[in-house]
Amino acid sequence: MLLKLSSLIFSFSTAPPTVRIIHSGHACNIEEERYTERVYTIREGETLELACLVSGHPRPQIRWTKTAGSASDRFQDSSVFNETLRIIRIQRHQGGRYYCKAENGLGSPAIKSIRVDVYYLDDPIVTVHQSIGEAKEQFYYERTVFLRCMANSNPPVHYSWRRGKEFLSQGSDKGVEIYEPFFTQGETKILKLKNLRPQDYANYSCIASVRNVCGIPEKNVLFKLSNKTASPTIKLLVEEPIVVNPGQSVTLVCVTSGGEPTPTLTWVRNTDELSKKSRLNGGTLTLPAISMEEAGVYSCVASNNVGNPAKKSTAIVVRGLKKGRFWITPDPYHNDDNIQIGREVKISCQVEATPPEELLFSWLKNGRPLRSSERMVITHTDPDVQPGTTNLDIIDLKFTDFGTYTCVAALKNGGIPEVSIDVNISSTTVPPELTVPRGKSPMVVQEGDTVDLQCLVSGKPKPIILWSRADKEVPMPDGSLQTESYDGVLRIVNVSREMTGTYRCATSQYNGFNVKPREALVELTVQYPPVVEPVFTEIRQGLGRAFTLNCRVLRAHPSKVLKYEWKLGTRLLTMGQFDQRDETDYNVRALNREGYGEYTCEVTNEAGVGACRFLVTGRAYAPEFYYDTYSALWQNRPRVYGFKLQWTQQNPLSVDRIVAYRLGMKQTGQSRWWEQEIPMEGAIAKGELITHNLTELIKPEAYLVRLTPITRFGEGDSTDRIIRYSGEFQCSFEDEAVCMFTQDKTDDFDWTRHSAATRDTKYTPNTGPSSDRAGSKQSFYMYIETSRPRLEGEKARLLTPTFNVAPKSPYGTVTAAPTYCFGFYYHMYGKHIGALNAYLRQKGHSGSDSSLWNLVGNQGDRWKQAKVNIHPIASFQLVLEGIRGPGIEGDIAIDDVTIEEGECKDPPPNSKCLMQWNIFFYSLLILLNLVMAF
């Protein structure tokens, strides 16, 4: 591949970002809502594609968001930061307003939005209701039937009714009334059959339609109304309630006893879904090997869209006992909590039972049955107050009463294992005491260790220990507010700094004495290495320059004894200890080649080391390609094309002078690279735009270009871009940047970007277009507004971007003028139309624009196309000039401007003869106005 290199061109260019959103994919329609926003309509299930086109230099960063926050939870994360947002099989909940935000650090971020409207139509549903009423003091009987049709849709659904093959409308039948309830806001349509007649028994069809928007077809549902139509009734072939043991299989049978059409049956449990192992066959529900967790109320629901659904329920009770608890209550009439001879003591036992009414308690003493007596009083609490509790009161405790008392819980009829709880009453039965072992508070550990917090509990029986944070609102390490321990030890694995604080251990009031809880506190201190900033940063410097490295301590424990060491690689530079400051600096007075490398500042305490790392390098920053030019060098040659490559250098003064750039190129999809160095003369300034012309590129291949700056340090960071062939320039003025068209600063007034949807016609009737060239009232075009204060003969000139013609001689001139086709659409309607002219402006031909095309006078209320061949020999622009006529009804508009390589194909008639006739006609019009003025 041969590349011809022209001399480099330097200028300065930075620009804040601009952005616009265009659509692709499967859009149904795109509209401009007047004064508000763009609306993109798409059918549910299609693929949404929105492209965010940006300009600005440096190249702006892009982020997509939805409504008021990040969109990453609503569509693929990979597309959030890409130019193209893509949502495959879009769903209705994904509709809303999407924003594209572009920023490059210059000025305010550029933001554009578009509202995505997802269209859909669900299958309609018909429900039937009837009312039977009697009028007082009259002897008649009325039966009225309501057929309600509903369908979820966007946009709002349009309903129609049909009886058999006959379409029904309001007023077509006196016995039929069609209306929409006010409260439904058009979401339903009701067909009312008043005082039901024999002919009303028929097949009724509800047709739901969204008028074929987005190609969504209409949907319909059929309902057969007969004298047998009735709401559902059902029967449950089960006993109420159902009481079973765990592990048994349960079968619930539900049958329909009435209803037309035939009802459908479903089962639900406590309004929730059924367990995964349940089996459903029609109206029969089977629960194999049932567990206590599957107990609850099961409901059979029958529906046939006539009247209200029928529902019958039954309760399944799974018998069982859960592990119980006990507590010992000392004599409440004495101040101390000890158990002593001659005093009263009460033993309480609680067990959770299902069903509670089957619960039976019995007491044993030393393994022998115990009956209630005057001194041994056995009571059971009311199941409605505190179900499953029994008490044994021992009055006037004697030495012979010492022993083991057993509370036994069972269910009537057996089948469930008994639960027994042993409680020992003796001279050694004493209330608990709680202490912290010596040396176990405060506990000082390092982050990541495993620590055991310990409380010693004495007493008999030993109660369960409950651990919590002293601040009750702070959770425990496992996330709970309280943790049980049977040995008084709380083990914390992989302890972190957030776990520092005070922990409370307390005795529980169950499985022990029913007395005021005993408490103790344990302090935990977690040490951790210093947290510093920056953890890593890159510093780019040129040789001979001075700079300072700074390392700051954010937090550490312990924080007092902190030492630091500065190193370059493994070589120690300096060391010291922190006093009052929380930061340390290292100064480099004059950087030499040995000073490049990784600097480390290690800050140390008892818990470990925190390190700041700095990579000091002389690598130049990456260049930033300039994207805001229209591609190109134009060459009127069949097989090759050229490209104007432009870039600026990021932070050029931070390192040594850039002496050259290494340019690498390859065709996309190929592996072979071509490389060449581009020498640089003198220092490059910040924002300086560098231009390099590439020629002899093969049409229509695309190329990957890689640019690498070179300093005396070596190669810097590279940057890549793709260049693509484009043999056509096209502009429809849809973006606010108007394709880089500019207004001529020497004319009398400006062209205006507008759309027919927002144009104010108050002062300009009978002139100007009613839509853009494609017929859209929402799309844009450019026009001249000729209302006051504009005067006859005033001119407005609009300039295209500058296009470049690739030089083919070593002297920078074009030896053979290439040919391009310049085309545009124009609209010249109104009795005061002036003139529209087109000129060619070439570099080096100042003050001598070449006339290409002109037209004068009213051309009718329609868009027409103009095409003309041009033959530039240097960089060029096209000039479109509108001239104001004798009155306000003289608006001229243009749209869809194109420039293509090669001769114009099928150009509209516009010969020089016609151009001369237009000039003559316009001169005659001015002469007549002068005569009328005199």
Side-chain angles (χ1 to χ4, degrees), residues 435-455 467-481 483 489-505 519-539 546-589 595 597-616:
T435 59
V436 177
R438 179 175 295 181
K440 293 297 183 178
S441 182
M443 293 288 291
V444 179
V445 297
Q446 294 191 3
E447 194 168 39
D449 290 349
T450 296
V451 61
D452 288 335
L453 305 185
Q454 186 176 3
C455 283
W467 283 94
S468 63
R469 298 292 287 263
D471 183 351
K472 295 182 179 180
E473 295 183 358
V474 179
M476 295 289 286
D478 62 358
S480 64
L481 291 177
T483 302
V489 175
L490 173 65
R491 170 161 289 188
I492 304 175
V493 179
N494 193 21
V495 67
S496 64
R497 64 196 67 177
E498 294 80 11
M499 298 176 188
T500 295
T502 304
Y503 290 76
R504 174 185 285 110
C505 61
E519 295 183 352
L521 299 177
V522 178
E523 292 287 340
L524 175 63
T525 300
V526 181
Q527 295 183 342
Y528 53 90
V531 178
V532 297
E533 70 172 8
V535 175
F536 177 84
T537 189
E538 185 181 55
I539 297 176
F547 60 92
T548 299
L549 306 179
N550 173 268
C551 182
R552 187 161 69 93
V553 179
L554 300 179
R555 53 191 174 275
H557 193 88
S559 59
K560 291 184 178 180
V561 185
L562 290 174
K563 298 179 181 180
Y564 65 84
E565 290 183 350
W566 282 96
K567 297 179 180 178
L568 174 56
T570 58
R571 179 164 61 92
L572 180 64
L573 300 174
T574 184
M575 59 187 299
Q577 186 168 325
F578 286 92
D579 296 323
Q580 301 297 323
R581 299 180 64 206
D582 59 358
E583 59 186 354
T584 175
D585 296 331
Y586 182 75
N587 298 312
V588 177
R589 295 181 179 179
E598 184 172 272
Y599 290 75
T600 304
C601 176
E602 295 182 347
V603 182
T604 309
N605 68 357
E606 294 179 14
V609 179
C612 298
R613 288 182 170 84
F614 306 86
L615 178 61
V616 178

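Values reported hereafter were calculated over all heavy atoms of this structure, with side chains retained and with hydrogens, waters and symmetry mates removed.
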Whether Gln446 side chain and Glu606 backbone form a donor-acceptor pair below 3.5 Å = yes
Nearest heavy-atom pair of Phe536 and Leu615: which atoms, and what distance?
-> CZ-CB, 3.8 Å
When you look at Tyr503 and Leu490, which way does the side-chain contact (heavy atoms from CB on, under 4.5 Å) test go after all the steps?
-> CA-CA 10 Å; Tyr503 290 76; Leu490 173 65; 4.1 Å; yes
Taking all atoms of both residues into account, what is the closest heavy-atom pair of Val451 and Met443, and its distance?
-> CG2-CE, 3.8 Å
Do the ring planes of Tyr599 and Phe547 sit parallel (below 30°), tilted (30 to 60°) or perpendicular (above 60°)?
-> perpendicular
Which pairs pass salt bridge (Lys or Arg N to Asp or Glu O under 4.0 Å) with one or both residues in residues 439-450, sequence neighbours excluded?
-> Glu447-Arg497
Of all the heavy-atom pairs spanning Gly608 and Pro529, show the shortest one and how long it is.
-> C-CB, 3.7 Å
Mind checking the OG1-CG spacing from Thr584 to Asp579? Nearest 0.5 Å is all I need.
-> 10.5 Å
Within a strict 4.5 Å, meaning less than it, do heavy atoms of the Leu524 and Val495 side chains meet?
-> yes
Between Cys601 and Cys612, is the SG-SG gap less than 2.5 Å?
-> no
side-chain contact (heavy atoms from CB on, under 4.5 Å) evaluation trace for Met476 with Trp467 = CA-CA 8 Å; Met476 295 289 286; Trp467 283 94; 3.8 Å; yes
Any idea which heavy atoms bring Pro530 and Val609 closest together, and the distance?
-> CD-C, 4.3 Å
Got Arg613 and Glu598 here, is their nearest side-chain heavy-atom distance under 4.5 Å?
-> yes
Mind running side-chain hydrogen bond (donor to acceptor under 3.5 Å, both in side chains) on Thr548 and Asp585 for me, showing each step along the way?
-> CA-CA 7 Å; Thr548 299; Asp585 296 331; over 6 Å; no
What's the verdict on side-chain contact (heavy atoms from CB on, under 4.5 Å) for Thr450 and Ile492, showing C-alpha distance, side-chain angles and the deciding distance?
-> CA-CA 6 Å; Thr450 296; Ile492 304 175; over 6 Å; no
May I ask you to decide if Glu523's main-chain N or O and Ser441's side chain share a donor-acceptor pair within less than 3.5 Å?
-> yes
Tell me, yes or no, whether the heavy-atom count around Arg581 atom CZ, taken from other residues, nucleotides or ligands under 6.0 Å, exceeds 12.
-> yes
Asn605 side chain vs Pro558 backbone, donor-acceptor pair below 3.5 Å | yes
Go through the structure and list residues passing ring pair (Phe, Tyr, Trp, His ring centres under 6.0 Å) with Phe614, not counting sequence neighbours.
-> Trp566
Here the gap from Arg552 atom CZ to Glu533 atom CD, rounded to the nearest 0.5 Å, amounts to 4.0 Å
Inter-residue atom distance Leu568.CG - Thr574.OG1, 0.5 Å rounding | 13.0 Å
Is there a side-chain contact (heavy atoms from CB on, under 4.5 Å) between Thr435 and Cys455 once you walk through the steps?
-> CA-CA 6 Å; Thr435 59; Cys455 283; over 6 Å; no
Indicate yes or no: at least one non-hydrogen side-chain atom of Glu583 is less than 4.5 angstrom from one of Val553.
-> no
With Arg555, the side-chain contact (heavy atoms from CB on, under 4.5 Å) member among Asp582, Val531, Val532 | Val531
Apply side-chain hydrogen bond (donor to acceptor under 3.5 Å, both in side chains) to Thr600 and Glu602, showing your working.
-> CA-CA 6 Å; Thr600 304; Glu602 295 182 347; 5.8 Å; no
If every non-hydrogen atom of Glu473 is compared with every non-hydrogen atom of Leu481, which pair is closest and at what distance?
-> O-CD2, 4.4 Å
Please report the shortest heavy-atom distance between Thr500 and Arg469, naming the atom on each side.
-> O-NH2, 3.2 Å
If we only count heavy atoms from C-beta on, is the Tyr586 to Asn550 side-chain gap below 4.5 Å?
-> no
